[in-house]
Amino acid sequence: MRIVELNEQTRTNLLESLLKRSPNSYGQYEQTVNEIISNVREKGDEALFDYTSRFDKCVITKDSIQVTAEEIKEAYEKIDPALVEVMKKSAANITKFHQKQLHNSWIAPEENGTILGQKITPIEISGVYVPGGKAAYPSSVLMNVLPARVAGVSRIIMTTPPGKDGKVNPGTLVAADIAGVNEIYKVGGAQAIAAMAFGTESVPRVDKITGPGNIFVALAKKACFGYVSIDSIAGPSEILVLADETANPRYVAADLLSQAEHDEMASAILITTSKELAQQVSDEVTAFVQQLSRKEIIEKSLENYGYILIAEGMEQAIDAANEIASEHLEILTKNPYEVMTKIKNAGAIFLGEYSSEPLGDYFAGPNHILPTNGTARFFSPLNVDDFLKKTSIISYSQDALSKVHKDIELFAEKEGLTAHANSIKVRFE
């Protein structure tokens, strides 16, 4: 991995480089995506079946688009029972964590005759997109579905592309069953996003779409936002490790590579105050890469977006970490909890040498669907609130309104909205 001194210029160059990974930088695909959305919106199932035939090399009809109970049963028979048990344990941890995010509707009556409050209601239908192809991620199914289930969403549907044989990955189906998905449809890509956003004869229209996908899926979610709610426009995965001289270089190297193996666009960054650690980590990375199965992807990722930055001190390192606002942030320092209090921007923070990033990906319970591309500056991980609506409640008695009606009328009149003012005034004629 390249080792560079952390200064104003290298930090600026790094941020500019990372921003090139954003889905917003791939406008050349937008016309194609918009055409797919328009076609699905106009032709419904006909367009879905046509795109599935063209892109997935699979014939799907109205009778076969939905996964059957028999197919789910068959999926259980195809995967390792030990994996099923691990998924159930993971699901329990995810559920327990997200249950702590729940909060209730509230009403606050006052002696002056006013009643204010907030009504919290789950959305009715949630849709989750699950990628297919060479890679299948049952963990993402759990992370997308369980917060919606905890929130009280009554109907959860899932779309995922089928293989050429018309089947869906068994791990994906088992995870969906464990999480409590109501319906699963065999459709992928931008066409699946359009189907959930607008509805077709077979696929219901949903209120919110969550889940990862390729650039076409990301751009389709962006284009459909407003017609439907979405979780985020997810970019490539990323990890940033903050470390001092006390960190174990072998652990740091292994953790950096855990994200570099995702794809060629993934970023893996170490910021350290120790030149010695920097060189040790670089050497460990070189050794690990020769042993790992996704060697070519890792090498390309590190070549494009792998950095070891040497900071003058921990304060400079923390400032850089806050500016980068990484999806995953590991703190491997003498006192990680003290450093953590100074972190303002990160999707998820992992503290100490036994809290490596895959713990969050698979098992601990906090959601692994996290803000990327610096959006941790203003976005949060997927959570229960994403599936809830908050409605304000307002009630004033005649006496309560009489004490403030002239204030409201004045405010409205000064804005030139006389009908607003009149709506209050007529009650006191």
Side-chain angles (χ1 to χ4, degrees), residues 1-21 235-260 265-289 298 301-357 360 370-378:
M1 291 180 70
R2 79 200 84 182
I3 302 176
V4 297
E5 297 286 337
L6 177 59
N7 55 43
E8 194 63 37
Q9 188 60 53
T10 57
R11 185 163 68 175
T12 299
N13 292 344
L14 173 59
L15 290 169
E16 289 179 354
S17 176
L18 294 177
L19 282 174
K20 294 175 183 176
R21 302 156 60 250
S237 188
E238 53 200 33
I239 185 171
L240 190 155
V241 178
L242 266 181
D244 61 17
E245 71 283 354
T246 67
N248 183 317
R250 189 168 175 82
Y251 295 172
V252 174
D255 294 353
L256 291 171
L257 297 178
S258 73
Q259 294 307 292
M265 301 287 283
S267 81
I269 301 169
L270 166 64
I271 303 179
T272 181
T273 53
S274 169
K275 291 183 179 180
E276 183 180 2
L277 179 75
Q279 188 58 57
Q280 290 172 335
V281 169
S282 181
D283 293 342
E284 291 284 358
V285 164
T286 300
F288 270 132
V289 169
I298 292 172
S301 168
L302 296 180
E303 177 186 336
N304 292 332
Y305 304 106
Y307 295 87
I308 297 177
L309 304 174
I310 301 176
E312 293 178 359
M314 189 52 64
E315 291 302 318
Q316 185 193 34
I318 291 169
D319 287 344
N322 279 325
E323 193 165 3
I324 294 169
S326 184
E327 177 187 17
H328 306 100
L329 172 64
E330 288 190 4
I331 303 177
L332 299 173
T333 61
K334 185 177 182 179
N335 191 341
Y337 291 90
E338 180 183 350
V339 174
M340 182 267 291
T341 64
K342 300 176 182 178
I343 296 297
K344 300 175 183 177
N345 304 321
I349 301 174
F350 300 79
L351 301 172
E353 62 181 11
Y354 292 101
S355 305
S356 62
E357 187 279 335
L370 304 166
T372 57
N373 284 115
T375 59
R377 291 179 294 112
F378 45 82

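- With sequence neighbours excluded, the residues that form a salt bridge (Lys or Arg N to Asp or Glu O under 4.0 Å) with Glu8 are Arg11.
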Output a table of donor-acceptor pairs, distance under 3.5 Å, between side-chain atoms of residues 308-317 and any protein atom two or more places apart or on a different chain; print 'none' if there are none.
unit_1 : atom_1 : unit_2 : atom_2 : d
Glu315 : OE2    : Lys342 : NZ     : 2.8
Gln316 : OE1    : Glu312 : N      : 2.6
Gln316 : NE2    : Leu6   : O      : 3.0

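- Contact record, Ala376 with Gly347: CB-N, 3.7 Å, taken as the closest heavy-atom pair.
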inquiry  = I'd like to know whether Ile343 forms a side chain to side chain contact (heavy atoms under 4.5 Å, CB included) with Leu242, so could you lay out the CA-CA distance, the side-chain angles of the two residues, the decisive distance to 0.1 Å, and finally the verdict.
reply    = CA-CA 11 Å; Ile343 296 297; Leu242 266 181; 4.0 Å; yes
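- A distance of 11.0 Å separates CG of Leu18 from CG of Asn304, quoted to the nearest 0.5 Å.
- Ser301 places a side-chain N or O within donor-acceptor distance of the main-chain N or O of Ala266, the cut-off being under 3.5 Å.
- The heavy-atom pair separating Tyr305 from Ile269 by the smallest distance is O-CG1, 4.3 Å.
- Here the side chains of Glu323 and Asp319 are not in contact, with every heavy-atom distance at 4.5 Å or above.
- Note: Leu14 CG to Gln9 CD = 11.5 Å, rounded to the nearest 0.5 Å.
- Heavy atoms only, all atoms of each residue included: Ile3 and Ala278 are closest at CD1-O, 3.8 Å.
- Residues meeting the side chain to side chain contact (heavy atoms under 4.5 Å, CB included) test with Phe378, sequence neighbours left out: Thr375.
- Thr12 meets the side-chain hydrogen bond (donor to acceptor under 3.5 Å, both in side chains) test with no other residue; sequence neighbours excluded.
- Side-chain atoms of Thr10 and Asn7 form a donor-acceptor pair, as typed in the model, at a separation below 3.5 Å.
- Judged by distance alone, with hydrogens and angles left aside, the side-chain atoms of Ser258 form a donor-acceptor pair with the main-chain N or O of Asp255 at under 3.5 Å.
- Minimum heavy-atom separation, Leu370 to Ala348: CD1-CB, 3.8 Å.
- Between the side chain of Glu330 and the backbone N or O of Phe350, no donor-acceptor pair lies under 3.5 Å.
- Distance check: Asn335 CG to Met340 CE gives 9.5 Å after rounding to the nearest 0.5 Å.
- How far CG of Leu351 is from CD of Glu338: 12.5 Å, rounded to the nearest 0.5 Å.
- Here the side chain of Arg2 pairs a donor or acceptor atom with the backbone of Leu302 at under 3.5 angstrom.
- For Thr246, the side-chain hydrogen bond (donor to acceptor under 3.5 Å, both in side chains) partners two or more places apart in sequence, or in a different chain, are Asp244.
- Using a 4.5 Å heavy-atom threshold, the side chains of Val281 and Thr272 count as separate.
- The structure places CD1 of Ile349 at 5.5 Å from CD1 of Ile331, a figure rounded to the nearest 0.5 Å.
- In terms of modelled atom types and a separation under 3.5 Å, the side chain of Glu327 and the main chain of Glu238 share a donor-acceptor contact.
- Closest approach of Ala243 to Leu270, counting heavy atoms only: CB-CD1, 3.9 Å.
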inquiry  = Under the criterion side chain to side chain contact (heavy atoms under 4.5 Å, CB included), I'd like the reasoning laid out for Leu332 against Asn248: C-alpha separation, chi angles, the key distance, then a yes or no.
reply    = CA-CA 8 Å; Leu332 299 173; Asn248 183 317; over 6 Å; no
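- Across all their heavy atoms, Asn373 and Pro236 have their closest contact at OD1-CD, 4.0 Å.
- Contacts of Glu284 classified as salt bridge (Lys or Arg N to Asp or Glu O under 4.0 Å), with partners at least two apart in sequence or in another chain: Arg250.
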